[in-house]
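Comments concern the structure below.
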Amino acid sequence: SGYGFSLAYRMSYTLGYDMKEDNTYEVRKNEEFLPTTVEFKYDSPSKKFTLWKNRISLAPNLSTSLAYDLLRPTQSYFTFAPKLTLGIHQFLDISFSISSRNNTIYRYFQEYDDKEIVIPGETNLFTDLFNSFALWDQQKREASGFKLKSLTLEVKHDLHDWNLAASLTIEPRTITEGAVRKYDYKPYFTLSVLWRPMQSIKTTVEDKYGTVTLNP
C-alpha cells in the first residue's frame with residue numbers, strides 16, 4: 001500500500017467451487033489451500049484548495065475498490081464513491097457524495113477466462129458505464145451493471161460553542177410489512193446539535209420512513 005493505493009491478495013484453507021452447466025456453483029467436499037480474492041483500493045489523500053484569501057475551500061475526495069472473487073468470479077464487484085466538500089471558514093461546510101456499485105464486472109472479462117460462464121449484457125466496460133447515464137433510454141440504464149446506491153447532502157454549521165449538522169440521503173431501503181417486502185425511496189433526513197464543552201450530551205433528530213424521532 002502507499003499513496004492512497006492498496007493491493008491485497010488472499011489465500012486460505014477453504015472449500016472450492018465448480019461451475020455447473022446452468023452457471024450455478026457446486027461446493028467441493030474437501031478443503032484446500034486456495035486463492036480467494038484479489039482486492040484493489042484507492043482512497044484519495046486529503047487535499048484542500050482555498051480561494052478568496054483562504055475563506056472558501058474545496059476538498060474533493062474519491063474512494064473506490066475492485067474486489068475479484070477467485071473462487072466464484074461472478075461474485076466480483078466494483079464500488080465508486082466520489083465526494084466534494086465546500087467550506088466557508090469557521091461558518092459552514094457543505095458536502096455532496098455519491099455511492100455506486102457494480103456487481104456484474106465479470107461479464108467484461110468473461111471472454112478471457114477459461115470458464116464456460118456466459119453473463120448476458122454489455123461486455124464493453126466503457127459502453128456500459130456510458131449507458132448508466134443514458135437518461136433518454138430507460139432500458140439501457142436498467143441493463144447497465146453500474147447502479148447508483150445513494151445520494152447524500154450534508155451540511156455542518158459552526159455556532160462557536162455548538163455544532164449543527166444535517167444530512168439528507170436518498171437510497172433504496174427495504175421495508176418489511178408482514179409477509180410483504182418492498183423498496184422505499186423516500187429521503188432519509190437527520191439533524192444533530194452538539195455542545196462542544198460537553199460532547200457526550202447530544203441530541204439527534206432523524207426521519208425514519210416518514211416518522212420524525214428524537215434520540216438523546
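Residue numbers count from 1 along this sequence. These numbers were taken from a predicted model, which means no experiment stands behind them.
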Donor-acceptor pair, side chain of [X] and main chain of [Y], under 3.5 angstrom:
X	Y	answer
S144	R141	no
T127	N124	no
H157	N163	no

I'd like to check [X] versus [Y] (side-chain heavy atoms, cut-off strictly below 4.5 Å). Are they in contact?
X	Y	answer
T152	L168	no
Q110	T123	yes
V193	L164	yes
F126	D128	no
F78	F146	yes
F40	F5	yes
N102	I105	yes
L151	F96	yes

Please say yes or no: joined through hydrophobic side-chain contacts below 4.5 Å, possibly via intermediate residues, are [X] and [Y] part of one cluster?
X	Y	value
F91	I94	yes
Y77	Y68	no
I98	I170	no
I119	M19	yes
V38	Y106	yes

* To do: Determine the minimum heavy-atom distance between P35 and L71, stating which atoms define it.
  =>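 Closest approach of P35 to L71, heavy atoms only: O-CD2, 3.5 Å.
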* Can you name the closest pair of heavy atoms from Y25 and T74 and give their distance? ->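 In this case the closest contact between Y25 and T74 is OH-OG1, 2.7 Å.
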* Can you check side-chain hydrogen bond (donor to acceptor under 3.5 Å, both in side chains) on N103 and R101, steps first, answer last? -> CA-CA 6 Å; N103 290 324; R101 183 180 173 109; 2.7 Å; yes
* Are more than 12 heavy atoms from other residues, nucleotides or ligands located less than 6.0 Å from atom CH2 of W52? ->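 Check fails, neighbour count at 12 or below.
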* Flag yes if more than 12 heavy atoms outside F109 fall under 6.0 Å of its CZ atom; otherwise flag no. =>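 Correct, the count exceeds 12.
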With a 4.0 Å cut-off on N to O distance, would you call [X] and [Y] a salt bridge?
X	Y	value
E142	K147	no
E122	R107	no
R181	E177	no

* Run the numbers on L62 and D43 for side-chain contact (heavy atoms from CB on, under 4.5 Å), then give the verdict. => CA-CA 6 Å; L62 174 64; D43 289 307; over 6 Å; no
* Worked verdict on T79 versus S65 for side-chain hydrogen bond (donor to acceptor under 3.5 Å, both in side chains) -> CA-CA 5 Å; T79 62; S65 67; 2.6 Å; yes
Drop me the distance from [X]'s [atom1] to [Y]'s [atom2], to the nearest 0.5 angstrom.
X	Y	atom1	atom2	result
T190	E154	OG1	CD	8.0 Å
R28	T14	CZ	OG1	10.5 Å
L34	S12	CG	OG	7.5 Å
K83	S63	NZ	OG	10.5 Å
L86	L84	CG	CG	7.5 Å
T24	R72	OG1	CZ	12.0 Å

* Go through the steps for Y9 and L70 under the test side-chain contact (heavy atoms from CB on, under 4.5 Å), then give the verdict. => CA-CA 10 Å; Y9 175 78; L70 298 172; 4.0 Å; yes
* **Of all pairs that satisfy side chain to side chain donor-acceptor pair (under 3.5 Å), the ones with a partner from residues 88-98, not counting sequence neighbours** =>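 Sorted result for residues 88-98: T85-S95.
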* Are D69 and Y17 close enough, and set up right, to give a side-chain hydrogen bond (donor to acceptor under 3.5 Å, both in side chains), and what steps lead you there? -> CA-CA 11 Å; D69 193 323; Y17 294 86; over 6 Å; no
* Assess whether side-chain contact (heavy atoms from CB on, under 4.5 Å) is satisfied between E32 and M11, documenting all intermediate values. => CA-CA 10 Å; E32 303 174 82; M11 296 183 67; over 6 Å; no
* To do: List in chain and number order the residues that pass side-chain contact (heavy atoms from CB on, under 4.5 Å) with F49, two or more places apart in sequence or in another chain; answer none if no residue qualifies.
  =>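 Residues passing side-chain contact (heavy atoms from CB on, under 4.5 Å) with F49: K47, P60.
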* Check against side-chain contact (heavy atoms from CB on, under 4.5 Å), L92 and V155 -> CA-CA 7 Å; L92 189 69; V155 177; 3.5 Å; yes
* **Derivation and outcome, side-chain hydrogen bond (donor to acceptor under 3.5 Å, both in side chains), residues Y188 and S167** => CA-CA 8 Å; Y188 184 79; S167 68; over 6 Å; no
* Asked: Between F33 and Y13, how do the two ring planes meet: parallel, tilted or perpendicular, split at 30° and 60°?
  ->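 Tilted, since the angle between the ring planes falls between 30° and 60°.
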